[in-house]
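Letters A, B, ... are given to chains in the order of the sequence lines, protein chains preceding strands, and every chain is numbered from 1. Owing to the predicted nature of the structure, the values given are computational and were not obtained by experimental measurement.
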Amino acid sequence: MSMPQVFFAYFAVTMVTLSVLVVTRRNPVHSVLWMLILFVHIAGLYLFLNAEFLAAVQIIIYAGAILVLFLFVIMLLNLRKEETEKRFQKQWPFSVVAGIVFAIFLVLIVKNIAVLAPLGPYTAETMKSEGHMMTVGTVLYTEFLLPFEIASLVLLVAIIGAVVLAKKRIE
Amino acid sequence: MVPLSWYIILSALTFSIGVFGFLARRNLIIVFLSIELMLNSVNISLIAFSHYLQSMRGQMLVFFIITVAAAEAAIGLAILIAFYKNNPTIKVDEINLLKG
């Protein structure tokens, strides 16, 4: 195997293992911490795929914001008695079967996938010469300007919704 | 050179693990974490396609998926806290107020 393939194999094995750990740990804090390591690995994979901006966003938003939010919510709830109870629902063997069948179908579908469409202009060399942030910014503020504004609206709704839902009722 | 299909298979496997966690776990927080895991596996496949097609659209889609995931986590956890105030449990099989 060549060097990139060895790196990819490391990332793949680690990520699958970490995913299994995330969904099977009893203590939610442990799950969140394994998820943190998983997100760092995903960011490393993004660096492989010529997406530096999204690797940074992955670390800052997912690892820095969303997982901290999860940890705060776990802190607010009293989960002491969870640790002695059953982890899985009673239909969990069917869930295992569903997951395995789903994985087999997906792998059978995508295992021979190849790139056929005409290739775009953003090769690794052009992005390196122009600068990755420059490329991302140009595309984001021209071709994707309307979705970008709608994304800001989605975030506004999320802010207001979270405050309204979680605040204490004042009678 | 790593083939495109390897990335997509990795994405499929992590997505399936997320599906299993979503269906099997009783703890609502870990159900949310499984949703985040599925979103991330989709992001991996989109960025892989974006790289191999030499297009920026996949990366832009991932940017918006991350935005929506952040909004979803904030709203979902707020609903969880609001529910926990009325009914102190976060087990999905005990949250059955709508059952007839």
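- Annotation: cation-pi pair R26(B)/F88(A) absent, no NZ/CZ under 6.0 Å from the ring centroid and within 45° of its normal.
- Neither the backbone nor the side chain of L18(A) comes within less than 4.5 Å of any heavy atom in chain B.
- Ranked by heavy-atom pairs shorter than 4.5 Å toward chain A, the options I81(B), L4(B), L77(B) are led by L77(B).
- Of the residues considered (F105(A), F70(A), F7(A)), F70(A) shows the highest number of contacts with chain B, using heavy-atom pairs under 4.5 Å.
- Residues M15(A) and I42(A) come closest through the heavy atom pair CE-CG1, 3.7 Å.
- Proximity to chain B (any heavy atom under 4.5 Å) is restricted, for F53(A), to the side chain, taken from C-beta onward.
- Residue L45(A) touches chain B through its side chain alone, counting heavy-atom pairs closer than 4.5 Å.
- Note: A24(B) leads A24(B), A78(B), G21(B), P3(B) in heavy-atom pairs under 4.5 Å with chain A.
- For a residue to count as touching a neighbouring chain, one of its non-hydrogen atoms must lie under 4.5 Å from one of that chain's; by this rule F64(B) touches chain A with the side chain only.
- L69(A) touches chain B through backbone and side chain together, each having a heavy atom under 4.5 Å away.
- When each of L54(A), V107(A), V73(A) is checked for heavy-atom pairs under 4.5 Å with chain B, L54(A) comes out on top.
- Shown here for M134(A) and E130(A), the closest heavy-atom pair between the two residues is CB-O, 3.5 Å.
- Proximity to chain B (any heavy atom under 4.5 Å) is shown, for L140(A), by both the backbone and the side chain.
- Between F102(A) and F15(B), the ring center distance clears the sub-6.0 Å criterion.
- Of the atoms belonging to I61(A), it is side-chain heavy atoms, and not backbone ones, that fall under 4.5 Å from chain B.
- When the candidates L38(A), I159(A), V139(A), L67(A) are compared by the number of heavy-atom contacts under 4.5 Å with chain B, V139(A) comes out ahead.
- N96(B) and D93(B) make their closest contact through ND2-O, 3.9 Å (heavy atoms, listed as atom of the first residue, atom of the second, distance).
- Under the 4.5 Å side-chain heavy-atom criterion for grouping Ile, Leu, Val, Met, Phe, Trp and Tyr, I35(B) is connected to I66(A) within one hydrophobic cluster.
- Only the side chain of F49(B) comes within contact range of chain A, judged by heavy atoms closer than 4.5 Å.
- Proximity to chain A (any heavy atom under 4.5 Å) is restricted, for Y84(B), to the side chain, taken from C-beta onward.
- For L13(B), the part lying under 4.5 angstrom from a heavy atom of chain A is the side chain only.
- Within a 6.0 Å sphere centred on CZ of R57(B), other residues, nucleotides and ligands contribute 12 heavy atoms or fewer.
- Heavy-atom pairs under 4.5 Å with chain A were tallied for A70(B), S55(B), G76(B); the largest tally goes to A70(B).
- Residue V92(B) touches chain A through its side chain alone, counting heavy-atom pairs closer than 4.5 Å.
- Neither the backbone nor the side chain of I100(A) comes within less than 4.5 Å of any heavy atom of chain B.
- Atom CH2 of W6(B) has more than 12 heavy atoms from other residues, nucleotides or ligands within 6.0 Å.
- L39(B) has its side chain within reach of Y62(A): a pair of non-hydrogen atoms, C-beta onward, lies under 4.5 Å apart.
- Heavy atoms of S31(A) lying under 4.5 Å from chain B belong to its backbone as well as its side chain.
- Chain B forms more heavy-atom pairs under 4.5 Å with one residue of S152(A), A12(A), A98(A) than with any other, namely A12(A).
- Under a hydrophobic clustering in which Ile, Leu, Val, Met, Phe, Trp and Tyr are joined whenever their side-chain heavy atoms come within less than 4.5 Å, directly or via other members, Y46(A) and V68(B) fall into different clusters.
- Counting all heavy atoms, side chain and backbone alike, G58(B) lies closest to S50(B) at CA-CB, 3.7 Å.
- Between Y7(B) and F8(A), the ring center distance clears the sub-6.0 Å criterion.
- Proximity to chain A is absent for every atom of E72(B), based on heavy atoms less than 4.5 angstrom apart.
- For F72(A), no part sits under 4.5 Å from any heavy atom of chain B, backbone or side chain.
- If you tally non-hydrogen atom pairs under 4.5 Å between each of T135(A), V136(A), V154(A), V22(A) and chain B, the highest count goes to V136(A).
- Residues I95(B) and N87(B) have side chains not in contact (no heavy-atom distance under 4.5 Å, counting atoms from C-beta outward).
- For the options L23(B), N43(B), I47(B), V2(B), heavy-atom pairs under 4.5 Å to chain A are most numerous at I47(B).
- Between Y10(A) and H41(A), the side chains place a donor N or O and an acceptor N or O closer than 3.5 Å (distance only, hydrogens not considered).
- Sparse packing is recorded around CE of M3(A), with 12 or fewer heavy atoms of other residues, nucleotides or ligands lying under 6.0 Å away.
- Across every non-hydrogen atom of S34(B) and G18(B), the tightest pair is CB-O, 3.5 Å.
- With a threshold of 4.5 angstrom between heavy atoms, H132(A) approaches chain B through side-chain atoms but not through N, CA, C or O.
- Looking at V163(A), there are no atoms closer than 4.5 Å to chain B (heavy atoms on both sides), in backbone or side chain.
- The distance between the ring centers of F48(A) and F11(A) falls below 6.0 angstrom.
- Residue contact with chain B, scored on non-hydrogen atoms closer than 4.5 Å, involves the backbone and the side chain of V32(A) alike.
- Neither the backbone nor the side chain of P93(A) comes within contact range of chain B; no heavy atom of the residue lies under 4.5 Å from a heavy atom of that chain.
- When the candidates T14(B), V31(B), I44(B), V19(B) are compared by the number of heavy-atom contacts under 4.5 Å with chain A, I44(B) comes out ahead.
- Aromatic ring pairs are classed by plane angle as parallel below 30°, tilted from 30° to 60° and perpendicular above 60°; the pair F148(A) and Y141(A) is perpendicular.
- Comparing V97(A), V96(A), V57(A) by heavy-atom pairs within less than 4.5 Å of chain B, the highest count is held by V96(A).
- Counted by atom type alone, N40(B) and Q58(A) present one or more donor-acceptor pairs between their side chains at under 3.5 Å.
- Looking at L10(B), only its side chain comes within 4.5 Å of chain A, counting heavy atoms on both sides.
- Heavy-atom distances place both the backbone and the side chain of Q89(A) under 4.5 Å from chain B.
- Contact annotation for M60(B): only side-chain heavy atoms (C-beta onward) come within less than 4.5 Å of a heavy atom of chain A.
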